[in-house]
Amino acid sequence: MKKIFRKEVLIGLIVIVALAILFVGIDFLKGVNVFKAANYYYATYTNVEGLAVSAPVSVNGFKVGQVREINYEYDNPGHVKVEISLDKNLKVPQGTQAVIKTDMLGTATIELNMGTQSGFHAVGDQLEGVIAGGLMESVSNNLLPSVAGIMPKIDSLLTNINTVVSDPALLNSMKRLDKITSNLETATSRLAAVMAKMPAVTSDVKEITASLAKGTDDLTVLTGRMRNIPVDSLAADVAAVAANLKELSAQLNDPESTIGKLTHDPALYNNLNSTISSLDSLFIDIKKNPKRYISIKLL
């Protein structure tokens, strides 16, 4: 009998331990640390969509607790009570709000907006529950009205763009632009060819520059030599020659001078003419009668 009783007690203890392990395991899987001391507070909401047990509770982005339980308030229809487990060392000031925030994936968390009033909430107090607008709600309330206001302008813009695109002038402009591009390509090719010839041109320019430099040096030497020419004495000699020519011209024009008599006396001309005629007759006679003037004797 005692052995049977001992077996039943042992089985009962095993069951109790198993249940305890199961309870602790379930809480552990939920993220609840049953071995850590915590304080509990409550908040009531009208909508807890996306909020789940073990959801994190944070202050300024730092996790200070988690959601312990979520229960519907049957005695307050339309409201859901959420039990919040917070770190035992955290003191909650009066006026603190428990704000539900939903991310893009629809997962909700609770953010504590710490109050600024004096004093602190006692453990088990009711905090003010606030539901923050989610991303989709923000888009619906802020972005969609703006988009709705922009749509008529976009439609008008598209209409104007369609009008511009269908304008034949635009097509002609595009054709002209294509022609201009082709001309630019041709000009670029020619410029490339000219640039390829630039080394030879540069060489010629260098040679021309060297020749000009040499010519400049020669011109400098010539200028120096011209500076050394006695211009004053040369001018005096030229003036003397001009005076002599003037004097000669005056004597030629003066019938009383020796030279003037030669140019103005007709007798000299007549005598010269008669002499030339006589010489001509003499030469003719010599040709006809050479023996008369030339005597050849044979030994």
Side-chain angles (χ1 to χ4, degrees), residues 49-50 55-56 58-63 99-111 113 130-243 245-246:
E49 183 178 0
S58 59
V59 176
N60 298 331
F62 182 79
K63 182 179 178 181
V99 183
I100 293 180
K101 293 185 177 180
T102 306
D103 60 15
M104 295 181 60
L105 300 177
T107 303
T109 59
I110 294 179
E111 177 78 18
N113 291 338
V130 179
I131 301 175
L135 178 61
M136 296 306 298
E137 183 179 355
S138 178
V139 170
S140 300
N141 295 334
N142 299 323
L143 184 60
L144 290 181
S146 300
V147 172
I150 293 174
M151 288 303 295
K153 297 180 181 179
I154 294 177
D155 184 64
S156 178
L157 179 61
L158 292 176
T159 302
N160 294 332
I161 291 175
N162 189 25
T163 303
V164 172
V165 171
S166 61
D167 191 352
L170 180 62
L171 181 60
N172 294 332
S173 299
M174 295 299 294
K175 292 181 179 179
R176 293 175 183 173
L177 183 60
D178 184 57
K179 186 176 181 180
I180 291 172
T181 304
S182 177
N183 293 335
L184 285 175
E185 291 179 356
T186 304
T188 303
S189 301
R190 292 180 179 177
L191 181 60
V194 172
M195 292 301 294
K197 297 179 180 179
M198 283 301 294
V201 175
T202 304
S203 178
D204 295 339
V205 171
K206 289 182 179 179
E207 294 179 359
I208 293 172
T209 304
S211 300
L212 288 175
K214 184 177 180 181
T216 303
D217 295 338
D218 295 340
L219 183 61
T220 303
V221 174
L222 179 60
T223 303
R225 292 179 179 177
M226 291 182 66
R227 289 178 180 175
N228 296 327
I229 294 176
V231 179
D232 295 337
S233 61
L234 182 62
D237 294 339
V238 171
V241 171
L245 289 174
K246 185 177 181 181

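Keep in mind that this is a model prediction, so the values were computed, not measured.
Taking both residues in full, the closest heavy atoms of Glu49 and Ala108 are given as O-CB, 3.8 Å, listed atom of the first, atom of the second, then distance.
Shown here are the side-chain contact (heavy atoms from CB on, under 4.5 Å) partners of Val99, two or more places apart in sequence or in another chain: Gln97, Lys101, Asn113, Val130, Ala132. With sequence neighbours excluded, no residue forms a side chain to side chain donor-acceptor pair (under 3.5 Å) with Thr107. Take Ile154 and apply the side-chain contact (heavy atoms from CB on, under 4.5 Å) test, not counting sequence neighbours, and it matches Ile150, Met151, Leu158. Under the rule for a side-chain contact (heavy atoms from CB on, under 4.5 Å), the partners of Ile161 that lie at least two apart in sequence or sit in another chain are Leu157, Val165.
Ser182 contributes no side-chain N or O that, together with a main-chain N or O of Asp178, makes up a donor-acceptor pair within less than 3.5 Å. For Glu111 (side chain) and Asn60 (main-chain N/O), a donor-acceptor pair under 3.5 Å exists by modelled atom type.
Between the CG atom in Leu184 and the OG atom in Ser189 there is a gap of 10.5 Å [rounded to 0.5 Å]. Atom CG in Leu191 sits 12.5 Å away from atom OG1 in Thr186 (nearest 0.5 Å).
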